[in-house]
**Student:** 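Can you keep this structure in mind? I'll have questions shortly.
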Amino acid sequence: MKVYIKAVIADAIKTCRSAGTLTSAELPAIVVGRPTHPEHGDFSCNVAMQMAKGERKAPRAVAEILVERLRELAGIFDRVEIAGPGFINFFVTDAAWRLTLSDIDAAGADYGSSRSGAGKKVQVEFVSANPTGPLHVGHGRGAALGDTISRLLAATGWDVTREFYYNDAGAQISNLALSVQARCLGLEPDDPRWPADGYQGEYIRDLAAAYLAGESVASDGRQVTASGDPNDLEAIRRFAVAYLRREQDQDLLAFGVHFDVYYLESSLYEEGRVAEVIRRLVDSGHAYEQDGALWLRTTAFGDDKDRVMRKSDGSYTYFVPDIAYHLAKWERGFTRVINEQGADHHSTVTRVRAGLQALDQGIPQGWPEYVLHQMVTVMRGGEEVKISKRAGSYVTLRDLIDEVGRDATRYFFVMRKPDSQLVFDIDLAKEQTLENPVYYVQYAHARICSIFENAAQQGIVPPEAKEAALARLETPEEMALIKELAIFPEVVEGSALSFEPHRLTYYLQELAGQFHSFYNKNRVITDDSELTGARLFLLKCVAITLKNALAILGVSAPEKM
RNA sequence: GCGCCUGUAGCUCAGCCGGAUAGAGCAACGGCCUUCUAAGCCGUAGGUCAGGGGUUCGAAUCCCUUCAGGCGUGCCA
């Protein structure tokens with residue numbers, strides 16, 4: 001509808017220009033907005049004010065010229081008015097609005113989807129936790145955001161690959177192996193022989209027990225069986241990584257998140273990609289030796305200081321495999337990559353991009369794109385929760401899912417824009433009342449299903465689109481609902497383009513609210529079978545839209561509550 | 001010190017590629033169930049958009065600056 005109005009305005013300007021009533025050469029960007037106040041119509045446009053200067057006319061005079069032309073086009077408009085300093089306000093006929101209901105019904109589960117991505121490849125990398133412990137709440141926010149962004153992109157016609165990258169070989173993994181070994185030997189963290197910076201969580205104890213028991217673990221397509229030998233550090237390392245990866249997968253499964261690709265940092269070394277990147281960077285002339293280390297001149301690409309690639313002890317810093325990994329993404333044909341990470345890893349953004357620029361492979365400067373989410377604070381009983389029994393120093397994702405459920409956890413994690421710090425209120429998320437936004441929205445869906453159930457019991461058959469007497473829908477609540485339904489595709493598009501899933505939660509809240517208002521003022525099932533049919537048709541469309549929106553969030557739409 | 005994020009109602013937050021009288025939820029106060037789910041609805045009250053400058057017809061929104069909070073600023077990841 002918005003697109004249509006834009007086109008109509010552009011057309012009007014063109015016509016006036018060729019008729020000579022408008023003279024300026026420049027066509028301003030036409031912005032069609034939705035006025036806050038109903039008396040300003042369904043849509044408004046400020047183009048007359050923008051053109052006033054070039055036309056050397058008062059804004060209202062320009063608007064007058066355009067409106068004269070716009071009124072001739074009439075069509076879907078009840079009225080086109082000039083208001084305030086020169087706004088052009090459009091009032092769309094109820095009949096035109098009602099047509100969207102048939103569209104929704106016809107589209108069904110596809111309502112809200114589009115093909116704007118044109119089937120192009122996009123990769124979303126998210127979570128990417130190292131296998132050194134259970135996933136924590138920060139990973140949870142990343143998982144919810146990354147998965148929802150992936151669903152948004154899929155809904156807007158992109159071919160999405162979800163990818164999880166992890167380090168299975170570095171210093172932290174050695175540390176993990178040492179920690180498990182210490183537990184195998186019966187050491188406690190306060191023992192003087194306990195490894196420095198060892199992982200102290202209870203899960204290490206479980207892991208050690210599993211290792212000693214000779215358990216077998218499958219993860220990422222590999223089967224790893226514990227040797228049970230506490231002196232075989234390499235065997236411990238392999239088992240620990242597989243064990244914790246499986247644990248993380250179980251958490252992700254419980255969260256309804258799946259990945260298409262698990263990418264191992266070790267493979268970058270095995271395939272020689274790390275060495276290859278070093279070679280190319282040296283060849284490109286952007287690397288230099290100093291103090292026994294090999295540096296990359298990242299300052300040439302916007303970094304505030306140069307970075308070490310190969311340490312004086314001969315090992316690589318993490319950022320070399322990072323570059324190698326991203327080069328591999330590029331070579332895999334992902335001209336569009338979105339990395340979802342915690343903002344505490346913000347400093348990698350400039351470095352990775354700088355490294356890729358230094359390779360001189362024609363990779364665009366802003367590639368890859370990043371979505372960085374701010375910290376999560378968990379509250380219970382008005383106090384911050386910092387400790388998990390299992391992990392020790394942090395709250396795990398599994399704790400949250402177990403306590404508040406998958407739906408509420410996902411919903412809460414995407415309820416705020418990524419840039420904002422998130423306060424996760426466990427008490428609120430568990431609340432099965434109106435205070436809880438998830439239940440409020442799901443309840444709307446369940447309520448509609450209940451009405452249909454009720455209708456079925458009375459032998460009422462909901463009408464098909466063609467038979468529904470849509471013209472009978474005319475109360476303010478009905479029209480408000482229809483208008484709310486009509487903007488859903490724009491909300492999906494906007495959320496996808498900006499990587500802002502929270503817009504969907506606000507939309508759902510609004511739509512559910514419109515429905516509940518309608519429900520309280522209008523009875524659906526009445527003796528008037530024509531009106532009953534029309535209202536059932538409307539509610540069918542509301543249910544479709546609620547369900548589709550919730551599906552993008554990965555949240556269920558229950559039929560009974 | 002420098003970089004990024006944030007600062008909007010009592011609380012949690014939308015709005016931020018400039019638009020009309022700044023919104024929602026919760027909390028507070030007052031109403032609505034013999035009727036399809038009251039997990040709901042209606043109403044009232046609540047604001048120096050952190051402070052100060054600037055740009056413009058117009059600023060919560062853009063620019064500068066001050067203050068406050070968070071994160072980062074490794075030959076850690």
**Student:** Say we look at rC11(B) and rC4(B): how far apart would their C1' atoms be, to the nearest angstrom?
**Tutor:** 27 Å
**Student:** In whole angstrom, what separates Glu289(A)'s CD from rC75(B)'s P?
**Tutor:** 16 Å
**Student:** Nearest to the Gln509(A) side chain among rA24(B), rA77(B), rC36(B), which nucleotide is it?
**Tutor:** rA24(B)
**Student:** Partner lookup for rU44(B), please. Criteria are Watson-Crick or G-U wobble with both distances under 3.5 angstrom; report none if nothing qualifies.
**Tutor:** rA28(B)
**Student:** Should rC33(B) form a Watson-Crick or G-U wobble pair with both distances under 3.5 Å, which nucleotide is its partner?
**Tutor:** none
**Student:** Have a look at Ala343(A) and say if it touches a base, only the backbone sugar-phosphate, or nothing, with a 4.0 Å heavy-atom cut-off.
**Tutor:** sugar-phosphate
**Student:** Does rC2(B) have a Watson-Crick or wobble partner in any strand here, with both distances under 3.5 angstrom, and which is it?
**Tutor:** rG72(B)
**Student:** Quick one: is the NZ or CZ of Arg141(A) closer than 6.0 Å to the six-membered ring centre of Phe413(A), and within 45° of its axis?
**Tutor:** no
**Student:** To the nearest angstrom, how far is Arg416(A) atom CZ from rA14(B) atom P?
**Tutor:** 6 Å
**Student:** Could you write nucleotides 1-6 of chain B as a row of B, S and -, 5' to 3', where a protein heavy atom under 4.0 Å of any base atom gives B, of only sugar-phosphate atoms gives S, and otherwise -?
**Tutor:** ---SSS
**Student:** rA39(B) P sits how many Å from Glu559(A) CD, rounded?
**Tutor:** 20 Å
**Student:** Does a salt bridge link Asp168(A) with Arg237(A), judged by any charged N lying under 4.0 Å from a carboxylate O?
**Tutor:** no
**Student:** Considering every strand and a 4.0 Å limit on heavy-atom distances, what is the contact class for Val423(A): base, sugar-phosphate, or nothing?
**Tutor:** sugar-phosphate
**Student:** Among the candidates rG70(B), rC36(B), rA77(B), find the nucleotide nearest to the side-chain atoms of Ile451(A).
**Tutor:** rC36(B)
**Student:** Rounded to the Å, how far apart are Ile487(A) CD1 and rG15(B) P?
**Tutor:** 14 Å
**Student:** Taking ring pair (Phe, Tyr, Trp, His ring centres under 6.0 Å) as the test, write out the residues that go with Tyr325(A), two or more places apart.
**Tutor:** Tyr165(A), Tyr263(A)
**Student:** In whole Å, I'd like the distance from the NZ atom of Lys305(A) to the C1' atom of rG72(B).
**Tutor:** 11 Å
**Student:** Would you mind classifying the nucleic acid contact of Met49(A) as base, sugar-phosphate or nothing, using non-hydrogen atoms under 4.0 angstrom?
**Tutor:** base
**Student:** Taking atom types as they are modelled, is there a donor-acceptor pair under 3.5 Å from the base of rC75(B) to the side chain of Ser312(A)?
**Tutor:** yes
**Student:** Rounded to the Å, how far apart are His516(A) NE2 and rG40(B) P?
**Tutor:** 7 Å
**Student:** Specify the glycosidic conformation (syn or anti) of rC49(B), with syn defined as within 90° of 0.
**Tutor:** anti
**Student:** Just how far, in rounded Å, is C1' of rG40(B) from CD1 of Ile448(A)?
**Tutor:** 13 Å
**Student:** When the side chains of residues 286-296 of chain A are checked against the rest of the protein, which donor-acceptor pairs come out under 3.5 Å, sequence neighbours left out?
**Tutor:**
residue: Tyr288(A); atom: OH; partner: Asp306(A); partner atom: OD2; Å: 2.7
residue: Glu289(A); atom: OE2; partner: Arg310(A); partner atom: NH2; Å: 3.4
residue: Trp295(A); atom: NE1; partner: Gln290(A); partner atom: O; Å: 3.1

**Student:** Using OP1 and OP2 only, check whether a side-chain N or O of Tyr318(A) sits under 4.0 Å from rC75(B).
**Tutor:** no
**Student:** List, with names and distances, any nitrogen or oxygen atoms from the protein found under 3.5 Å away from nitrogen or oxygen atoms belonging to nucleotides 20-23 of chain B.
**Tutor:**
residue: rA20(B); atom: N6; partner: Ser44(A); partner atom: OG; Å: 3.3
residue: rA20(B); atom: N6; partner: Asn89(A); partner atom: OD1; Å: 2.7
residue: rA20(B); atom: N1; partner: Asn89(A); partner atom: OD1; Å: 3.4
residue: rA20(B); atom: N1; partner: Asn89(A); partner atom: ND2; Å: 3.1
residue: rA20(B); atom: N3; partner: His40(A); partner atom: NE2; Å: 3.4
residue: rU21(B); atom: O2'; partner: His37(A); partner atom: NE2; Å: 3.2
residue: rU21(B); atom: O4; partner: Glu39(A); partner atom: OE2; Å: 3.0

**Student:** Between Glu369(A) and Asn339(A), is the side-chain hydrogen bond (donor to acceptor under 3.5 Å, both in side chains) condition met? List the steps.
**Tutor:** CA-CA 6 Å; Glu369(A) 297 163 80; Asn339(A) 290 339; over 6 Å; no
**Student:** Assign Ser347(A) to base, sugar-phosphate, or nothing according to its heavy-atom contacts below 4.0 angstrom with the strands shown.
**Tutor:** base
**Student:** To the nearest Å, how far apart are Gln341(A) CD and rC71(B) P?
**Tutor:** 18 Å
**Student:** Counting side-chain heavy atoms from C-beta on, which of rC76(B), rG19(B), rG40(B) comes nearest to Arg447(A)?
**Tutor:** rG40(B)
**Student:** Ala444(A): which residues meet the side chain to side chain contact (heavy atoms under 4.5 Å, CB included) condition with it, sequence neighbours left out?
**Tutor:** Ala512(A), Phe515(A), His516(A), Leu546(A)
**Student:** Taking only N and O in the side chain of Ser517(A), is any of them less than 4.0 Å away from OP1 or OP2 of rC42(B)?
**Tutor:** yes
**Student:** In Watson-Crick or G-U wobble terms, both distances under 3.5 Å, what is the partner of rC67(B)?
**Tutor:** rG7(B)
**Student:** Determine the contact category for Ala446(A): base if any of its heavy atoms lies under 4.0 Å from a base atom, sugar-phosphate if only primed atoms, P, OP1 or OP2 are that close, otherwise nothing.
**Tutor:** base
**Student:** Is any side-chain N or O of Lys521(A) closer than 4.0 Å to OP1 or OP2 of rC32(B)?
**Tutor:** no
**Student:** Are any of the side-chain nitrogens in Glu64(A) or Lys57(A) under 4.0 Å away from the carboxylate oxygens of its partner?
**Tutor:** no
**Student:** Would you give me the side-chain donor-acceptor pairs under 3.5 Å for residues 422-429 of chain A, sequence neighbours excluded?
**Tutor:**
residue: Asp425(A); atom: OD1; partner: Asp427(A); partner atom: N; Å: 3.0
residue: Asp425(A); atom: OD1; partner: Leu428(A); partner atom: N; Å: 3.1
residue: Asp427(A); atom: OD2; partner: Gly381(A); partner atom: N; Å: 2.5

**Student:** When all nucleic acid strands are considered with a 4.0 Å heavy-atom cut-off, which category describes Asp303(A): base, sugar-phosphate, or nothing?
**Tutor:** nothing
**Student:** Between rG19(B), rC36(B), rC41(B), which one does the side chain of Asn520(A) approach most closely?
**Tutor:** rC41(B)
**Student:** With a cut-off of less than 4.0 Å, is there a side-chain N or O of His345(A) near OP1 or OP2 of rC76(B)?
**Tutor:** no
**Student:** Consider the side chain of Arg307(A), meaning its heavy atoms from C-beta on, and name the nucleotide among rC75(B), rU73(B), rG25(B) that approaches it most closely.
**Tutor:** rU73(B)
**Student:** With both distances under 3.5 angstrom, what nucleotide forms a Watson-Crick or G-U wobble pair with rA60(B)?
**Tutor:** none
**Student:** May I ask you to verify if any side-chain N or O of Tyr440(A) is less than 4.0 angstrom from the OP1 or OP2 atom of rC41(B)?
**Tutor:** yes
**Student:** Cationic tip of Arg307(A) within the cone over Phe319(A)'s six-membered ring, i.e. under 6.0 Å and within 45° of the normal?
**Tutor:** no
